[in-house]
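Structure first, commentary second.
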Amino acid sequence: MSKQVVIVGGGVIGLLTALNLAADVDQVVVCDQGEVGRESSWAGGGIVSPLYPWRYSPAVTALAHWSQDFYPQLGERLFASTGIDPQVHTTGLYWLDLDDEAEALAWAAREQRPLSAVDISAAYDAVPVLGPGYRRAIYMAGVANVRNPRLVKSLKAALLALPNVTLREHCQISGFLHEGGRVAGVHTEQGVLAADEVVLSAGAWSGDLLQTLGLRLPVEPVKGQMILFKCAEDFLPSMVLAKGRYAIPRRDGHILVGSTLEHAGYDKTPTGDALESLKASAVELLPALADAEVVGHWAGLRPGSPEGIPYIGAVPGHAGLWLNCGHYRNGLVLAPASCQLFSDLLLGRAPIIDPAPYAPEGRLG
Ligand SMILES: Cc1cc2nc3c(=O)[nH]c(=O)nc-3n(C[C@H](O)[C@H](O)[C@H](O)COP(=O)(O)OP(=O)(O)OC[C@H]3O[C@@H](n4cnc5c(N)ncnc54)[C@H](O)[C@@H]3O)c2cc1C
């Protein structure tokens, strides 16, 4: 298709959108106000599942299932083409002492997911470092985590190798160019960048940009803090989750513990209170972490949206402008399906899933 596409925002969503479109359009330009892949997509935990998948709408579930099936091959493809391994690490996940276990099991039966109640002694056998006192567990086999900083690094490398893709870092977009009744480009600090199609995938900042058109997109920053430990490679064989806090093992023994959920505007400062609270959760889950050093502590801004349902599709009344944003707590897991669906819509192909629940139409104020 003879088109120039400009993508605003180079997080996992913008980068994967670019990769999907590159094979079918003339030119793709990704603009990021900082370096690509350094915001929420770097800061997240990378669990390739919503934290409590049964609490989400069918719209989120449909994207999650498609993506979960696709992740291993995405990881392999990126590793093969760039030499950077995103490390899709399949560990399974234990939920401990859930209040809504019955709902979880009913959802799993309905959705045919490999989630089942297990005897608590089996959970302790599988995860000997688990803290004392847990009474119930459910386990989902096959759940992976992706090492998201490497995922975005490999996406960046894959794009840099493509002759028709340009990454423009430190290039802030301040608004949209209107010409002949349609959006025909973006305003950058260095001038206008013309485009046939403009894609807004600016994560937590997407709402501000759409406001320049007088449209209200209910996407807002939701701060999340996370801490990191380094343990032996075999310290934690599975992901574990209790009371909303989780521990994620990377292949090399790094353990991430997250996360907070804070409405603090665009402030990304890690705080002492969160550090103490996350450490307390870590030690309750895995007491041996009391003797481990915290080797990292950071915050990221999730693109919060109502019910976590992303906006994917054309902006009504503004031909040439598209959204792929608002993935809230699940942007890493939902990215493959969201970006495939998005490309299907922009290129006029049959969509992989019903696009109606994600359409911006009727959801913008
Ligand atoms: C602590 C934490 C834990 C998480 N854990 C998980 C998890 O386990 N699993 C999961 O699936 N998800 C998780 N998430 C959520 C996930 O990280 C996000 O949903 C996802 O990264 C959003 O991707 P994005 O590309 O939309 O946004 P981002 O990665 O934030 O990218 C947006 C980009 O747009 C750029 N930008 C913004 N404004 C402009 C502008 N005006 N001009 C140019 N560029 C602009 C920014 O610089 C940024 O690079 C977590 C998030 C956090 C913070």
Side-chain angles (χ1 to χ4, degrees), residues 6-18 29-51 53 60 63-64 67-68 71 93 143-149 151-152 155-156 167-176 186-189 193 198-212 219 221-228 239 241 245-246 248 256-262 266 268 270 274 278 297-305 308 310-312 323-336 338-339:
V6 167
I7 297 177
V8 183
V12 68
I13 300 297
L15 295 175
L16 198 49
T17 299
V29 182
V30 180
C31 299
D32 200 290
Q33 61 187 4
E35 286 173 35
V36 301
R38 295 295 301 174
E39 291 291 349
S40 193
S41 302
W42 181 92
I47 303 177
V48 183
S49 168
L51 278 189
V60 170
L63 293 174
S67 291
Q68 283 168 327
Y71 246 103
L93 169 55
V143 186
N145 68 79
V146 62
R147 199 154 180 175
N148 40 301
L151 174 69
V152 283
L155 284 168
K156 177 177 178 178
L167 301 185
R168 291 183 63 165
E169 298 188 310
H170 307 289
C171 176
Q172 186 174 42
I173 305 306
S174 55
F176 304 99
V186 291
H187 292 287
T188 80
E189 286 159 333
L193 192 57
V198 174
V199 184
L200 184 54
S201 56
W205 295 263
S206 302
D208 290 355
L209 271 169
L210 218 54
Q211 201 150 29
T212 64
V219 171
V222 182
K223 180 176 178 180
Q225 300 191 46
M226 186 89 100
I227 57 174
L228 181 71
M239 293 183 279
L241 193 160
R245 294 272 164 94
Y246 51 81
I248 306 171
L256 288 94
V257 174
S259 59
T260 64
L261 211 56
E262 304 164 63
Y266 290 102
K268 278 196 307 179
L278 289 167
H297 175 204
W298 62 85
L301 300 174
R302 308 175 182 91
S305 59
Y311 295 82
I312 304 173
L323 302 185
N324 194 2
C325 58
H327 294 75
Y328 197 18
R329 302 197 78 175
N330 300 309
L332 290 156
V333 53
L334 303 184
S338 302
C339 298

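This one's a predicted model, so the numbers in the text were calculated from it and none came from an experiment. Indexing begins at 1, ligand by ligand and atom by atom, following the structure's order.
The backbone N or O of Val48 lies less than 3.5 Å from a partner atom in the side chain of Gln68, making a donor-acceptor pair. No donor-acceptor pair under 3.5 Å is formed between the side chain of Asn145 and the backbone N or O of Ile248.
Contacts with ligand 1 closer than 4.0 Å are made by side-chain heavy atoms of Tyr246 only, the backbone lying farther away. Counting heavy atoms closer than 4.0 Å to ligand 1, residue Cys31 contributes backbone atoms (N, CA, C, O) but none from C-beta onward. Residue Gln33 touches ligand 1 through backbone and side chain together, judged by heavy-atom distances below 4.0 Å. Contacts between Lys223 and ligand 1 below 4.0 angstrom, taking non-hydrogen atoms only, are absent altogether.
At least one N or O atom of Leu332 sits closer than 3.5 Å to an N or O atom of ligand 1. The shortest N/O to N/O separation between Gly45 and ligand 1 falls below 3.5 Å. At least one N/O-N/O distance between Gly331 and ligand 1 falls below 3.5 Å. Inclusion of Val333 in the set of residues having an N or O under 3.5 Å from an N or O of ligand 1 is warranted. In terms of polar-atom proximity, defined here as any N/O pair under 3.5 Å, Ser40 does make such a contact with ligand 1. For the pair Ser41 and ligand 1, the shortest N or O to N or O distance falls below 3.5 Å. Considering backbone and side-chain atoms alike, Leu209 places every N or O at 3.5 Å or more from each N or O of ligand 1. The shortest N or O to N or O distance between Pro303 and ligand 1 is not under 3.5 Å. Any N or O atom pair closer than 3.5 Å counts here, and Asp32 shares at least one such pair with ligand 1.
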Would Leu210 and Leu323 count as a side chain to side chain contact (heavy atoms under 4.5 Å, CB included) if you check the C-alpha gap in whole Å, the side-chain angles of each, and the deciding distance to 0.1 Å?
CA-CA 10 Å; Leu210 218 54; Leu323 302 185; 4.1 Å; yes
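When Pro310, Ser201, Gly203 are ranked by how near their heavy atoms come to atom 27 (O) of ligand 1, first place goes to Gly203.
At least one heavy atom of Gly46 lies less than 4.0 angstrom from ligand 1. At least one heavy atom of Cys171 sits under 4.0 Å from some atom of ligand 1. Ligand 1 does not have Trp42 within reach: every non-hydrogen atom of the residue lies 4.0 Å or more from it. Not a single heavy atom of Arg38 sits closer than 4.0 Å to an atom of ligand 1.
Glu169 and Arg38 are not joined by a salt bridge, as no carboxylate oxygen comes within less than 4.0 angstrom of a charged side-chain nitrogen.
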